[in-house]
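Here the structure is laid out as structure tokens; the discussion comes afterwards.
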Amino acid sequence: MNNNMYKITPNELSPDTKATMKTRIITSIILALLCLPCAFLGGWFYFALIFLVVAIATHEIVYVERKRRFSLFIYIFCFVVMFSLVYWVFIKNQVLQFRDSPQSYVFAIEKGFNTLSVSTIAIAVAAGVFFLVVLANDKFTIHDASYLFTMIVVVALGMQSLLFMRYYPYSKFAFGAADSTVDMTTPFFKYLHSAFLLIYLAVGVMINDIGAYFIGVLFGRNKVNPRISPKKTWEGFFGGILVSFLFSTGLALLVGYLGYPILPFLTPDKWYWIILLSLAMPIIGNLGDFTFSSVKRHYDIKDFGTLLKGHGGVLDRLDSALFAAIVIASLIIFINNGWDFFL
């Protein structure tokens, strides 16, 4: 019997693969240097970062067609709908807070993203306008309307979820909690503790992507779905999930044991919620990756954009994070509400 068949040996890397890995690493470092300060500083810095990302993502969605361009009206309308959906909950919360307590109202970005909410009116208007254009313009098909509508709603909810992940800890630790022992004015809370939830998400998603990529490149043999994502392997898929789960669970338990839990209900004694969230992040992240890959295969494009060398565009980099953020934010809301779906 040949014992070599049971040995796990790394794949031999081609010069192109080595160059791609080097480019991806350099781009990732540059991105980290640009984005991490905004994530830690929070406030207007993170708000502005996501605002810019939303604009770039919308452009990538509209320009998915390489052989033709949508009209200027569609281009502008997509931006209006996207920003309306992303920031609806922020505007609504500020208006309600001012209406209910005009004398004590204090404007704060952190008070605007304590839940997930999109405007049903904006969704109805978007659907109506898109399908009216289908009737009025024979070059704008039902397929175009369906694609733009679906992508904008999904990406908008994902972007709102990313804002939720940074600002929600203020709602739980500081605002309106009479028994809270956390002082939100301290630099430690403002720039680190309040960012733990976002860091937790970033670790879960990024470690999954990194682990899946390197494990797949080095040990990948069996393809998951060559039709949608030709380079992804089962070895990378499960390897990424395992590494992500270990890192994110370890982070959540560590900060909890040190007395700075990610959220009040994510403490070591409630480890089962940490296990649930840590396992959901890489699994749902992979679903997002495959979903966006299927869109790119349909339109016969390699990437949504070319802004990030070695990574494609913003949507190529955030596909996993957007899906994971939506699910994790939803789970956090349900856990906090005692799984009451009517709250």
Side-chain angles (χ1 to χ4, degrees), residues 16-17 19-36 38-39 46-83 85-86 140 143-163 201-202 205-206 208-210 212-213 228-232 285-326:
D16 288 341
T17 300
T20 300
M21 291 174 67
K22 180 180 179 181
T23 302
R24 288 172 67 95
I25 292 172
I26 293 174
T27 302
S28 297
I29 293 173
I30 295 174
L31 277 176
L33 293 175
L34 293 174
C35 298
L36 283 179
C38 295
Y46 185 71
F47 191 93
L49 174 65
I50 297 300
F51 191 93
L52 177 62
V53 170
V54 170
I56 297 173
T58 307
H59 173 81
E60 292 178 355
I61 290 173
V62 179
Y63 274 81
V64 71
E65 285 276 15
R66 299 296 190 258
K67 297 179 180 179
R68 66 186 177 97
R69 293 287 182 265
F70 293 118
S71 67
L72 180 61
F73 170 79
I74 291 295
Y75 185 78
I76 295 175
F77 183 71
C78 287
F79 271 85
V80 172
V81 174
M82 176 69 82
F83 279 94
L85 292 176
V86 173
F140 189 76
H143 175 87
D144 297 327
S146 300
Y147 160 75
L148 290 174
F149 177 77
T150 303
M151 285 291 289
I152 287 174
V153 171
V154 171
V155 173
L157 188 55
M159 293 296 180
Q160 188 183 116
S161 298
L162 290 178
L163 289 162
L201 174 74
V205 172
M206 292 176 61
N208 175 60
D209 288 345
I210 294 171
Y213 176 76
I228 294 178
S229 192
K231 294 183 179 180
K232 286 184 171 55
N286 278 309
L287 175 61
D289 191 0
F290 282 115
T291 300
F292 277 57
S293 292
S294 66
V295 173
K296 289 185 287 187
R297 295 295 85 78
H298 176 79
Y299 284 101
D300 194 25
I301 57 174
K302 184 178 184 296
D303 299 306
F304 280 101
T306 58
L307 180 65
L308 309 176
K309 192 173 182 180
H311 291 277
V314 164
L315 290 176
D316 298 291
R317 185 66 276 171
L318 290 179
D319 50 8
S320 300
L322 293 174
F323 271 59
I326 294 171

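The figures here come from the full heavy-atom set of this structure, side chains too, leaving out hydrogens, waters and symmetry mates.
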Using modelled atom types and a 3.5 Å cut-off, is there a donor and acceptor pairing between side-chain atoms of Y299 and backbone atoms of F304? no
Could you check whether any side-chain N or O of S294 sits under 3.5 Å from a backbone N or O of T291, counting only pairs where one atom can act as donor and the other as acceptor? yes
State, yes or no, whether a side-chain contact exists between V153 and L85 at a heavy-atom distance under 4.5 Å. yes
Let me confirm one number: the CZ-CG distance from F292 to L287, rounded to the nearest 0.5 Å. 10.5 Å
Is the shortest heavy-atom distance from the side chain of K232 to the side chain of F290 under 4.5 Å? yes
With a 4.5 Å limit on heavy-atom distance, are the side chains of S320 and D209 in contact? yes
Rounded to the nearest 0.5 Å, what separates atom CD1 in I210 from atom CG in N208? 9.5 Å
Step-by-step side-chain contact (heavy atoms from CB on, under 4.5 Å) determination, V314 to H59: CA-CA 10 Å; V314 164; H59 173 81; over 6 Å; no
Sidechain-backbone polar pair: E60 side chain, G313 backbone, donor-acceptor under 3.5 Å: no
Taking all atoms of both residues into account, what is the closest heavy-atom pair of V205 and A321, and its distance? CG1-N, 3.8 Å
Least distance between heavy atoms, G158 atom then A325 atom: O-CB, 4.3 Å
Do L148 and F70 have side chains that get closer than 4.5 Å, going by heavy atoms? yes
Salt bridge check, D319 against K296: does any charged N sit closer than 4.0 Å to a carboxylate O? no
Any side-chain heavy-atom pair from L163 and V86 closer than 4.5 angstrom? yes
Looking at side-chain heavy atoms only, is the closest gap between N286 and F323 below 4.5 Å? no
Just wondering, do L162 and L322 contact through their side chains at under 4.5 Å, heavy atoms? yes
Decide side-chain contact (heavy atoms from CB on, under 4.5 Å) for M151 and V64; before the verdict, give the C-alpha distance in whole Å, the side-chain angles of both, and the deciding distance to 0.1 Å. CA-CA 11 Å; M151 285 291 289; V64 71; over 6 Å; no
So CE of M159 and CD1 of I152: to nearest 0.5 Å the spacing works out to 12.0 Å
Which heavy-atom pair separates V155 from M82 by the least distance, and what is that distance? CG1-CE, 3.8 Å
Determine, stepwise, if the pair F149 / V81 fulfils side-chain contact (heavy atoms from CB on, under 4.5 Å). CA-CA 9 Å; F149 177 77; V81 174; over 6 Å; no
Can you classify the ring geometry of F79 versus F83 as parallel (below 30°), tilted (30 to 60°) or perpendicular (above 60°)? parallel
To the nearest 0.5 angstrom, please state how far the CZ atom of F51 sits from the CD1 atom of I56. 11.5 Å
